[in-house]
Asks: 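Here it is: the structure, laid out below.
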Amino acid sequence: MERTFLMIKPDGVQRNLVGEIIQRFEAKGFTLVGLKMMQVSSELAEKHYAVHKERPFFPSLVDFITSSPVVAMVWQGEGVIASARKIIGATNPLNAEPGTIRGDFGISVGRNLIHGSDGPDTAKDEVSLWFSDAELANWTPAITPWVV
Ligand code: ABT
Ligand code: MG
């Protein structure tokens, strides 16, 4: 079953949007299989955002992600990688549609509330970067036949 890595960023935690954000993925019908609140080290932040290493915003991005705790999650379900990106909305919250998380709650690209893996390869890499196998629950909720 497809899995993706989602992370509620420091602004989402500080603004008390953790419950609101988790609710959207639960209500959609996806399954939470990993969840932890954590303070991110600069080493982990730099690995996670390695693709942006040469970009001018890289240092401020690392500072931001390590500035305050995040909620790291793995969600499972059919098509969850692309669907989560839709639920999250465009990178710049000013361009994100109302109804998306960024469209409903965000204003700034540097404070865009939540991260979601952008494809199957990054999803695989990010799930294993952030979680050990022992931290992931293999389960199928009883509600699944009513969802798919
Ligand atoms: P992430 O889910 O955080 O990866 O965001 P998304 O995939 O929607 O967008 P990308 B392009 O991956 O941006 C990564 C983070 O870099 C920030 N950023 C991006 C800037 O601050 N300035 C920019 O010009 C761009 C392109 C936004 C993203 N996260 N934060 N925080
Ligand atoms: Mg990205």
Side-chain angles (χ1 to χ4, degrees), residues 1-138 147-148:
M1 183 61 86
E2 190 172 308
R3 288 179 169 179
T4 194
F5 172 70
L6 305 182
M7 175 196 29
I8 303 173
K9 295 178 181 180
D11 54 333
V13 174
Q14 290 284 352
R15 290 180 55 193
N16 299 321
L17 290 170
V18 171
E20 168 73 40
I21 289 172
I22 288 177
Q23 166 62 16
R24 293 182 176 218
F25 298 99
E26 273 194 317
K28 175 74 172 170
F30 293 129
T31 304
L32 184 59
V33 296
L35 175 72
K36 59 183 172 185
M37 177 159 216
M38 58 190 286
Q39 178 64 51
V40 181
S41 66
S42 2
E43 190 195 358
L44 177 57
E46 283 167 19
K47 274 190 196 157
H48 175 76
Y49 281 122
V51 65
H52 298 301
K53 216 175 176 73
E54 307 306 328
R55 309 283 284 275
F57 57 81
F58 182 74
S60 62
L61 187 54
V62 170
D63 282 351
F64 167 56
I65 291 298
T66 58
S67 63
S68 180
V70 304
V71 174
M73 305 178 282
V74 178
W75 286 83
Q76 179 172 294
E78 207 168 302
V80 69
I81 301 171
S83 180
R85 295 280 293 189
K86 283 193 179 169
I87 291 168
I88 289 170
T91 301
N92 184 341
L94 289 180
N95 298 330
E97 294 296 327
T100 65
I101 293 168
R102 289 169 175 168
D104 286 349
F105 302 116
I107 291 176
S108 160
V109 70
R111 299 281 183 273
N112 65 9
L113 300 159
I114 176 167
H115 163 83
S117 304
D118 60 14
D121 295 337
T122 50
K124 206 161 260 162
D125 291 349
E126 291 173 0
V127 167
S128 54
L129 175 65
W130 289 79
F131 285 86
S132 68
D133 282 346
E135 289 174 319
L136 299 174
N138 289 303
V147 176
V148 288

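Atoms within a ligand are numbered from 1 in the order they appear, just like the ligands themselves. Keep in mind the model is a prediction, meaning the values are calculated, not measured.
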Asks: Looking only at atom types and distance, does a side-chain atom of T122 sit under 3.5 Å from a main-chain N or O of D118, one as donor and one as acceptor?
Replies: yes

Asks: Taking the six-membered ring for Trp and the single ring otherwise, decide whether the centroids of F30 and W75 are under 6.0 Å apart.
Replies: no

Asks: Side chains of M73 and I22, heavy atoms from C-beta outward: is any pair under 4.5 Å?
Replies: yes

Asks: For residues 35-50, please give each side-chain donor-acceptor pair under 3.5 Å, one per line with the distance, not counting sequence neighbours.
Replies:
from : atom 1 : to   : atom 2 : distance (Å)
K36  : NZ     : W130 : O      : 2.6
K36  : NZ     : E135 : OE1    : 3.0
K36  : NZ     : E135 : OE2    : 3.3
Q39  : NE2    : T66  : O      : 2.7
S41  : OG     : L44  : N      : 3.1
H48  : ND1    : W130 : NE1    : 3.1

Asks: For ligand 1, list the protein residues that place a heavy atom within a distance below 4.0 Å of one of its atoms, sorted by chain and number.
Replies: K9, Y49, H52, R55, F57, L61, F64, R85, T91, R102, V109, G110, N112, H115, G116

Asks: With respect to V13, which candidate in I21, L113, V18 satisfies the side-chain contact (heavy atoms from CB on, under 4.5 Å) definition?
Replies: V18

Asks: Could you tell me whether the side chain of Q76 and the main chain of T31 form a donor-acceptor pair under 3.5 Å?
Replies: no

